[in-house]
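Below is one structure, written out as structure tokens; the observations come after it.
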Amino acid sequence: MAQSPKASPQPEAHITVMRSELGRVRGLGSAKSGVHHWWAERVTSIALVPLTIWFVFSAIHLLGAPHEAVLAWFYSPVTTVLMLCLVIATFHHMHLGLQVVIEDYVHTESTRFISLLLLRGITALLALLAIVSILKLGL
Amino acid sequence: MPETRDALLIGRNTEGKRVRRPLSPHLQVYRPQITSVLSIVHRATGIALSAGTLLLVWWLVAAATGPDAYAGVQGFIGSPIGWLLMFCWTVALWYHFFAGIRHLIWDAGYGYEKREYHASGKAVVIAAAACAVFTLFIGFAIAYG
């Protein structure tokens with residue numbers, strides 16, 4: 001049955017950009033983990049408020065202090081736990097922040113992918129170095 | 001994925017005509033304002049502090065390695081370059097700290113009036129400067145007192 005041609009050339013509420021479901025999922029928008037990223041950045045920043053104050057005014061006493069004084073400061077479960085919290089929150093927060101910087105300024109897909117991989121790798125290495133050092137000093 | 005980005009930039013104006021959505025002008029187009037400058041400084045200090053984690057990790061690894069390694073990192077921190085870096089990171093840390101709290105207050109839904117965000121911007125700068133001076137003063141007193 002042949003349909004008669006419609007009078008209006010284009011309905012108003014019709015999206016004319018052709019994108020498959022898969023294309024939409026892999027593309028930009030809410031299908032990615034934007035909310036989690038945003039939320040994790042806020043949670044780590046709230047944690048870092050007291051941790052930063054504690055660290056600055058605790059570690060400042062170690063300026064110029066001998067190695068034994070540093071060992072004595074670290075040799076306390078409270079210091080060990082707070083330092084671990086500080087380092088984990090710092091590197092998580094740093095990773096989230098620098099990821100956005102890369103996504104904002106690196107537009108070539110391949111360079112961006114490699115930059116994000118490098119960021120992930122360097123962050124993980126630095127965080128692990130810090131965590132193992134703190135554990136070695138504290139345990 | 002340039003084609004996806006292009007597709008997302010297509011929209012309709014109020015008359016229903018298909019148009020390319022406008023992009024924000026680049027930084028150099030705007031006259032600097034307290035809002036934009038503080039925002040840029042927040043990101044810049046975040047990047048600087050990320051670089052600062054290298055010294056934090058070096059300090060921790062050296063402390064866990066032994067007295068000789070620790071003397072190495074302490075010598076670096078006590079050198080003129082070390083002091084300069086510590087000065088910059090102290091300022092950057094307190095700025096990012098207070099500007100971050102300002103962001104959290106915005107996230108909670110407060111402070112969006114022009115009068116409010118101008119006042120909070122000035123408060124961030126003053127608080128960061130005060131804390132940086134205070135921290136550096138204590139640092140000098142401990143190192144040379």
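Residue numbers begin at 1 in each chain, while the letters A, B, ... track the order of the sequences.
Using cut-offs of 30° and 60° for the angle between ring planes, the B:W59 and A:F55 rings count as perpendicular. Note: A:H67 and B:Y70 have tilted aromatic rings, judged against thresholds of 30 and 60 degrees for the angle between ring planes.
Hydrophobic clustering (ILVMFWY, side-chain heavy atoms < 4.5 Å, transitive): B:W89 and B:L54 are in one cluster. Under the 4.5 Å side-chain heavy-atom criterion for grouping Ile, Leu, Val, Met, Phe, Trp and Tyr, A:V78 is connected to A:L51 within one hydrophobic cluster. A continuous path of ILVMFWY side-chain contacts below 4.5 Å connects B:V73 to B:I81, so both sit in one hydrophobic cluster. Under the 4.5 Å side-chain heavy-atom criterion for ILVMFWY residues, a single connected hydrophobic cluster contains both B:Y95 and B:I34. Clustering ILVMFWY residues whenever any of their side-chain heavy atoms sit less than 4.5 angstrom apart, transitively, puts B:I126 in a cluster other than the one holding B:Y117.
Atom CH2 of residue B:W58 and atom CG of residue A:L126 lie 14.0 Å apart, to the nearest 0.5 angstrom. Rounded to the nearest 0.5 Å, atoms CG (B:L49) and NE2 (A:H93) are 9.0 Å apart. The CG atom of A:L62 sits 8.5 Å away from the CD1 atom of B:I142 when rounded to the nearest 0.5 Å. Rounded to the nearest 0.5 angstrom, B:I101 CD1 and A:I46 CD1 are separated by 10.0 Å. Rounded to the nearest 0.5 Å, atoms CD1 (A:I53) and CH2 (B:W94) are 5.5 Å apart. With values rounded to the nearest 0.5 angstrom, B:Q74 atom CD is found 8.5 Å from A:L63 atom CG.
When heavy atoms are compared at a cutoff of 4.5 Å, A:L71 approaches chain B solely by way of its side chain, counted from C-beta outward. With a 4.5 Å cut-off on non-hydrogen atoms, A:L129 touches chain B through its backbone and its side chain both. For A:V132, no part lies near chain B; criterion is any non-hydrogen pair under 4.5 Å. Contacts between A:V56 and chain B at a heavy-atom distance below 4.5 Å involve the side chain alone, from C-beta outward. With a 4.5 angstrom heavy-atom cutoff, B:I138 touches chain A via backbone and side-chain atoms both. If you measure heavy-atom distances from A:V101 to chain B, the contacts under 4.5 Å come from both the backbone and the side chain. Looking at B:F134, only its side chain comes within 4.5 Å of chain A, counting heavy atoms on both sides. Of the atoms belonging to A:H61, heavy atoms from both backbone and side chain fall under 4.5 Å from chain B. At a 4.5 Å heavy-atom cutoff, the contact between A:I134 and chain B is made by side-chain atoms alone.
By the salt bridge (charged side-chain N to carboxylate O under 4.0 Å, His left out) test, A:R42 pairs with B:D107, sequence neighbours left out.
Between chain A and the options B:C131, B:A64, B:A71, heavy-atom pairs under 4.5 Å are most frequent for B:A64. Heavy-atom pairs under 4.5 Å with chain A peak, among B:G100, B:A143, B:G139, B:G46, at B:G139. With chain B as the partner, the residue from A:S133, A:G97, A:A59 showing the most heavy-atom pairs under 4.5 Å is A:S133. Of the listed residues (B:L93, B:T65, B:T53), the greatest number of heavy-atom pairs within a distance under 4.5 Å of chain A belongs to B:T53.
Looking at A:V87 and B:L60, their side chains come closer than 4.5 Å, going by heavy atoms from C-beta outward.
Residue B:A63 comes nearest to A:L137 through the heavy atom pair O-CD2, 3.4 Å, listed as atom of the first residue, atom of the second, then distance.
Atom CZ of B:F87 has 12 or fewer heavy atoms from other residues, nucleotides or ligands within 6.0 Å. Within a 6.0 Å radius of CG in A:L139, more than 12 heavy atoms belonging to other residues, nucleotides or ligands are found. In this structure, A:W38 places its CH2 atom where more than 12 heavy-atom neighbours from other residues, nucleotides or ligands lie under 6.0 Å away. At most 12 non-hydrogen atoms from other residues, nucleotides or ligands lie less than 6.0 angstrom from CZ of B:F137.
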